[in-house]
2 protein chains.
Amino acid sequence: MTADERGPLDVLIRRLKRASRLDETEAEALLSLPAIVRDVGSGYMIGRSGERPGQCCLLADGFIRRDQTTSDGKRQILSFYVPGDIPDLQTIHLKTLDHDVVTVTEARLVFLPHEPLVALCRAHPLIGEALWRETLIDAAVTRAWITTIGRTSARARVAHLLCELATRLDVVGLAEERRFRMPLTQHEIGDALGLSIVSVNRILQDLRGHKVISLSKRVLAIHDWDKLQRIGQFDPLYLHLHGAPPASGMPEGS
Amino acid sequence: MTADERGPLDVLIRRLKRASRLDETEAEALLSLPAIVRDVGSGYMIGRSGERPGQCCLLADGFIRRDQTTSDGKRQILSFYVPGDIPDLQTIHLKTLDHDVVTVTEARLVFLPHEPLVALCRAHPLIGEALWRETLIDAAVTRAWITTIGRTSARARVAHLLCELATRLDVVGLAEERRFRMPLTQHEIGDALGLSIVSVNRILQDLRGHKVISLSKRVLAIHDWDKLQRIGQFDPLYLHLHGAPPASGMPEGS
DNA sequence: CGAAACTTTGAAAAGGATCAAACTTTGTGG
DNA sequence: CCACAAAGTTTGATCCTTTTCAAAGTTTCG
């Protein structure tokens, strides 16, 4: 039975159990949430800066990014999301979006209206706390991103992003042996890391040249995980995956 | 009656009311929280990366910063906090600190143990939601910081930080006419913005030379607010101050 | 098959970093 | 209250990482 064949809310329950304790009561309650499933293409605008959405969007399949645009038109990507994530969970209590939410690839979205979600949190404090915790993990990832952009070289930034992607994809079973379909263009990598597309390209060349990774036809394989981790100063602590058993046998630390 | 003469928890109540609706019931409940007040000097380590604190720290007076250190020893400051803020509120549900929490100046701290705080959130959903919202605003500020560091020039970054500081200080009544005691060293400004201290210094010189600001003896005065805002591409939307009436008559947008 | 999106490469320019050293302010103890 | 040390600021000169510009390949997809 694949994720698609189970109810769309199973994804959510499994996800919340990753970092929080949920009993049968809460799982049952979650399953009673109204949810609207929708498949969309890449580049689909889920929400725009300034809007006040009435629901959250659980990503069941595909990739999403969040963008901010500077007043002189430059784009900064704030974060990427993989299946199981809820990119705009903060709108549950921070009504106005301060960034765009856009699909990076084709995606299956599960919309969860705010009102029953809030009611559920009030009735089941454990669910409220689990969702709160998810927004806190999102913030922790964002903080790590600041340090990467502010204080590491272009090479380290790219390496760090690749490590993060591989790790997060592995957790949801989308990376076998640190090998996965790369959802991002070099343009997007640059906009995420504050780099020009030319720089990104040269760094990827370089990493390939040193046999650390290979990347062709949109498939990325990490050959020398330790080295990539060292280059990117990657320590998965900030992802707060603790309780989560890796889907495949990826070693934890070094 | 000054803030110090009222109970330390009044600061918290007024703060939460800024973005959330709280009735008398909730205010009463908040006042019943156990709170330990403590005065400390500058450079005091409130929490260290990797620690699991048992309480949150409400800043009653002074300034706090949060730092991350890269594995090659560079420091990135993630955010600054002004009176009324709770820099480590996330530890209520994300137990392990992924950064240091340090006082920038002498400070008065109010420690709030996690346990009664969590109990209060369960008993009064509105309080839980208000605190959740505070962590979401903190995350929104962090996101804006990413865009500033990733996609704007050194000059714009410094201007943006000054605008943000002036705005946040004004809200808590610590900036008269966009004039305030500057709590940060140029070293700290640099570490916050991913710049070298030399760069920061030259940019401050330049802003002074253009009569946009003046800064001497640790007192910063913003003479040309519109220009500084334009240079820093500053739009206070991301601070989510909406409901808050400014303490002095600072105009909103331009 | 062709257009659009994406990647690659080369060359030149620029924005900040780094290094080094002097100057100023702040805080402390005598 | 002064002297001194430590912390913080300022300035000049040089270097280097990354950007920008330009143009040619390569995929992808309708």
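Residue numbers start from 1 in every chain, and the chains themselves are labelled A, B, ... in the order their sequence lines are given, proteins ahead of strands. Model, not experiment: these values are computed from the prediction.
For A:T185, taking side-chain heavy atoms from C-beta onward, the closest of the listed nucleotides C:dT7, D:dC21, D:dT9 is C:dT7. Listed nucleotides: C:dG10, D:dA13, D:dT18. Nearest to the side chain of A:R202: C:dG10. For A:Q186, the side-chain atoms get nearest to C:dT7 when compared with the rest of D:dT11, C:dG16, C:dT7.
Listed pair A:R218 / D:dT26 fails the phosphate criterion, with no side-chain N or O lying under 4.0 Å from OP1 or OP2. Note on B:R208: a side-chain N or O is less than 4.0 Å away from OP1 or OP2 of D:dT10. For B:N201, a side-chain nitrogen or oxygen approaches OP1 or OP2 of D:dT10 to under 4.0 Å. The phosphate of C:dA17 (OP1 or OP2) has a side-chain N or O of B:S199 nearer than 4.0 angstrom. A:S196 has a side-chain polar atom (N or O) that falls below the 4.0 Å cut-off from OP1 or OP2 of D:dT19.
One interatomic measurement links the two molecules: CG of A:L184 to C1' of C:dT7, which rounds to 15 Å at whole-angstrom precision. Atom-to-atom, CD1 of A:I189 to P of C:dT7 comes out at 8 Å; the value is rounded to the nearest Å. Distance CD1 (B:I197) to C1' (C:dA17): 13 Å, rounded to an integer number of Å. Per the geometry, CG belonging to B:D206 stands 12 Å off P belonging to D:dT11, to the nearest Å. Atom pair B:Q205:CD and D:dT9:C1' shows a separation of 8 Å (rounding to whole Å applied). Distance NE2 (B:H187) to C1' (C:dT24): 18 Å, rounded to an integer number of Å. Rounded to an integer number of Å, the gap from A:R181 CZ to D:dT27 P is 14 Å. The separation between B:M182 atom CE and D:dA7 atom P is 20 Å, rounded to whole Å.
A donor atom on one side chain and an acceptor atom on the other are found under 3.5 Å apart for A:T147 and B:Q68. Inspection of the A:S71 and B:Q233 side chains reveals an N or O donor paired with an N or O acceptor under 3.5 Å.
Residue-level contact check: B:G194 touches the backbone only, with heavy atoms under 4.0 Å from sugar-phosphate atoms and none from bases. Heavy atoms of A:L195 sit under 4.0 angstrom from primed sugar atoms or phosphate atoms, though from no base atom.
Using a 4.0 Å cut-off between charged nitrogen and carboxylate oxygen, A:D170 and A:R168 do not count as a salt-bridge pair. Ion pairing of A:R143 with B:D98 is present here, as a side-chain N (NZ or NE/NH1/NH2) and a carboxylate O approach within less than 4.0 Å. Ionic pairing of B:D138 and B:R66 is present here: one or more N-O contacts between side-chain nitrogen and carboxylate oxygen are shorter than 4.0 angstrom.
Comparing A:K217 and A:T152 by the nucleotide of DNA chain D whose heavy atom lies nearest to each, the residue mapping closer to the 5' end is A:T152.
Under 3.5 Å, the side chain of B:R155 and the base of C:dG15 form no donor-acceptor pair of N or O atoms.
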